[in-house]
> 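Following this message is one structure expressed as structure tokens.
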There are 2 protein chains.
Amino acid sequence: MDARHSPFARKLGAFVALSEKEVSALDRLHGRRKVFSAGKDMVHQGQTDQAAYILASGWVCSYKILSDGTRQIVDFQIPGDSLGLRSVLFRTSDHNIEPVTQVEASEVLVSDLLETFSETPRLATAVLWAASRDEAMVVEHLVSIGRRHAKERTAHFLLELGARLKLVGLGSTSGYACPLSQYLLADTLGLSAVHINRVLRELREDGLVTFQHGHVEIHDLDGLVDLAEFDKTYLDHDGPLLK
Amino acid sequence: MDARHSPFARKLGAFVALSEKEVSALDRLHGRRKVFSAGKDMVHQGQTDQAAYILASGWVCSYKILSDGTRQIVDFQIPGDSLGLRSVLFRTSDHNIEPVTQVEASEVLVSDLLETFSETPRLATAVLWAASRDEAMVVEHLVSIGRRHAKERTAHFLLELGARLKLVGLGSTSGYACPLSQYLLADTLGLSAVHINRVLRELREDGLVTFQHGHVEIHDLDGLVDLAEFDKTYLDHDGPLLK
DNA sequence: CGGCGACGCTGATCTGCCTCAGTTCATTGT
DNA sequence: ACAATGAACTGAGGCAGATCAGCGTCGCCG
């Protein structure tokens with residue numbers, strides 16, 4: 001899997017070794033391309049007529065709001081991730097989706113997807129694998145918020161993000177570009193923005209990781225992995241499981 | 001859907017109106033029945049050769065342990081719920097599963113399941129709906145732990161459990177039998193057992209709900225729903241969506 | 001140019017929940 | 001009959017992280 005291909009194909013390639021034919025079938029899947037600008041919700045709770053998308057560029061977050069105005073971000077989608085694949089099939093959306101940056105996304109027709117699956121069945125497996133990974137990420141997030149301290153929690157989040165970005169060619173073991181504000185981090189990690197700020201400073205002073213000016217720089221990967229008890233197998237299984 | 005049928009059929013009946021033929025196809029799905037006793041893990045992290053089950057009686061929990069010994073319970077399975085349907089298809093288990101009580105479960109062969117789907121396709125939709133509901137529950141759990149206070153969080157949990165039990169005929173709006181200890185509640189809600197104890201007392205003193213001697217009694221449903229901001233639509237959609 | 005909003009950052013204070021260290025009660029085993 | 005165990009329960013003290021209030025910097029716009 002090299003840089004010629006879309007992030008979506010790169011990501012699936014981490015689960016299932018894809019042939020040239022399968023990769024180009026995936027690339028053909030990308031339909032009409034749409035652009036969304038930062039901050040304006042793409043989907044609201046209760047909305048029913050939504051489409052499914054594959055993110056081509058930009059970042060997006062899914063969240064829920066409570067009546068007191070606080071919100072909880074459930075997860076982020078980065079290039080190569082799909083949006084609403086599940087809810088377009090089964091229910092009205094139960095959460096909001098907001099672009100964090102300007103976003104380009106290709107609309108995916110369910111009919112096209114099903115057709116692709118019947119022609120190249122291994123792709124169905126790959127997509128289901130990806131969906132299962134998304135679920136594992138939410139579970140890991142739950143564990144973080146429930147049982148990890150702010151510092152470990154933040155470290156875990158930054159590592160997971162890095163691993164995901166590396167998978168689609170947008171980062172390396174040493175760092176990545178990250179458009180998230182400290183407020184977004186706070187809403188993700190169940191902390192206050194003030195505390196996130198202090199935690200980031202501590203991680204910096206410990207020589208573990210620096211997150212400044214939209215860029216995450218990992219200084220001590222082992223130390224960070226150790227602190228966060230980060231186990232990346234749920235993200236890429238250390239290479240394709242299906243050859 | 002009446003009391004003659006299995007909890008599994010009752011639950012799916014809440015999503016898709018099932019014919020007699022479909023219900024009996026579901027009931028035939030239950031294969032070899034196994035019994036597990038409380039406290040002994042059924043599945044460990046990393047285990048690969050697991051089967052899928054449908055719970056006939058008893059309660060089960062899925063959890064993860066951290067290195068400091070604390071654990072986070074991700075969710076409970078009650079009669080009618082399936083266990084490991086997803087992970088049997090796609091990966092080694094990334095969490096542990098422990099029976100809370102003695103448990104009876106029917107093994108489900110993937111081949112039988114797929115065969116049933118092709119004969120009665122609406123059942124496939126129903127099962128996918130159920131899987132999607134499970135995901136929504138984990139998300140709601142995440143929101144609870146991230147942004148709700150101990151009292152609201154506990155109230156929300158007790159309400160969700162009640163709604164789920166009612167769906168399979170094991171509870172009513174006024175209460176249900178609940179075999180969970182305060183330690184299990186604590187590990188679920190990201191709190192300490194000590195604090196759970198105080199929260200339960202407060203809820204009792206507020207006249208909202210009593211949880212004592214293995215029984216949850218709801219005194220003021222509206223007050224509780226209000227406190228927890230509980231929205232049950234993600235559990236049963238107020239009746240079958242597909243007629 | 002000055003004003004304004006976003007965002008990062010910081011000190012001081014407050015509080016929700018944890019930890020520790022028990023007691024009581026019911027159940028089980030010997 | 002008496003330990004042993006486990007669960008519910010309680011008080012005291014401590015701490016992680018929230019809240020409040022404020023400052024500095026930057027980019028944008030009229």
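First the proteins, then the strands, lettered A, B, ... as listed; each starts at 1. Please read these numbers as outputs of a predicted model, since none were measured by experiment. Side chains are part of it too, since the values below use all heavy atoms of this structure and drop only hydrogens, waters and symmetry mates.
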> To the nearest Å, how far apart are B:Leu180 CG and D:dG6 C1'?
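Those two atoms, CG and C1', are 16 Å apart.
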> Rounded to the nearest 0.5 Å, what separation is found between the CZ atom of B:Phe157 and the CZ atom of B:Phe230?
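Those atoms lie 11.5 Å apart.
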> If only side-chain N and O atoms of A:Asn197 are considered, is one of them under 4.0 Å from the OP1 or OP2 phosphate oxygen of C:dC9?
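Yes, such a contact exists.
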> Would you mind reading off the distance between A:Phe211 atom CZ and C:dC9 atom C1', rounded to a whole angstrom?
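One finds 14 Å between C1' of C:dC9 and CZ of A:Phe211, rounded.
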> Looking only at the aromatic ring of each residue, does the gap between the centers of A:Tyr53 and A:Phe36 stay below 6.0 angstrom?
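That pair passes the under 6.0 Å test.
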> Using whole Å, report how far NE2 of B:His215 lies from P of D:dA8.
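Computing the B:His215:NE2 to D:dA8:P distance gives 16 Å.
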> Determine, stepwise, if the pair A:Leu200 / A:Leu185 fulfils side-chain contact (heavy atoms from CB on, under 4.5 Å).
CA-CA 10 Å; A:Leu200 288 178; A:Leu185 275 187; 4.2 Å; yes
> Which nucleotide in the set D:dA7, D:dC9, C:dG8 lies at the smallest distance from any side-chain heavy atom of A:Gln182?
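So the nucleotide nearest the side chain must be C:dG8.
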> Grab the CG-C1' distance between A:Leu184 and C:dG8 for me, whole Å please.
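Interatomic distance, CG of A:Leu184 to C1' of C:dG8: 14 Å.
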> Whole Å only: how far is the OH atom of B:Tyr183 from the P atom of D:dA8?
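About 7 Å, once rounded to whole Å.
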> Just by protein heavy atoms under 4.0 Å, how would nucleotides 16-30 of chain D read 5' to 3' in B, S and -?
-BSBB----------
> Nearest to the side chain of B:Ser181, which nucleotide is it out of D:dA7, C:dC7, D:dC9?
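Selected nucleotide (nearest to the side chain): D:dA7.
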> Show your reasoning for whether side-chain contact (heavy atoms from CB on, under 4.5 Å) applies to A:Leu189 and A:Ile196.
CA-CA 9 Å; A:Leu189 298 174; A:Ile196 280 287; 3.8 Å; yes
> Which residue pairs satisfy the salt bridge (charged side-chain N to carboxylate O under 4.0 Å, His left out) criterion with at least one member in residues 217-230 of chain A, sequence neighbours excluded?
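Non-adjacent pairs meeting salt bridge (charged side-chain N to carboxylate O under 4.0 Å, His left out): zero.
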> Can you tell me how far P of C:dC9 sits from CD of A:Glu205, to the nearest Å?
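So the CD-P distance, A:Glu205 to C:dC9, works out to 11 Å.
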> Can you sort out the partners of B:Glu152 under salt bridge (charged side-chain N to carboxylate O under 4.0 Å, His left out), two or more places apart, ordered by chain and number?
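Salt bridge (charged side-chain N to carboxylate O under 4.0 Å, His left out) check on B:Glu152 returns nothing, list empty.
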> Using the 3.5 Å cut-off, write out each protein N or O paired with an N or O of nucleotides 24-28 of chain C and the distance between them.
none

> If a pair satisfies salt bridge (charged side-chain N to carboxylate O under 4.0 Å, His left out) and one of its residues is in residues 182-196 of chain B, list it, with sequence neighbours excluded.
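Those involving residues 182-196 of chain B are A:Arg147-B:Asp187, B:Arg71-B:Asp187.
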> Any donor-acceptor pair under 3.5 Å linking the side chain of A:Thr101 with the backbone of A:Trp59?
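Side chain of A:Thr101 to backbone of A:Trp59: a pair is present.
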> Are the side chain of A:Gln72 and the backbone of A:Thr188 linked by a donor-acceptor contact shorter than 3.5 Å?
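Between the backbone of A:Thr188 and the side chain of A:Gln72 there is a qualifying donor-acceptor contact (under 3.5 Å).
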> Find the distance between CG (B:Leu184) and SG (B:Cys178) and round it off to the nearest 0.5 Å.
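So the gap between those two atoms works out to 9.0 Å.
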> Can you tell me how far P of D:dC9 sits from CZ of B:Arg201, to the nearest Å?
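Whole-Å distance recorded here is 9 Å.
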> In whole angstrom, what separates B:Leu185's CG from D:dC9's P?
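My rounded result for the distance is 11 Å.
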> For the atom pair CG (B:Leu191) and OG1 (B:Thr154), what is the distance rounded to the nearest 0.5 Å?
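It is 6.0 Å, given to the nearest 0.5 Å.
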> Looking at residues 71-79 of chain B, who's got a heavy atom less than 4.0 Å off DNA chain C?
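Per residue number, the list is empty: none.
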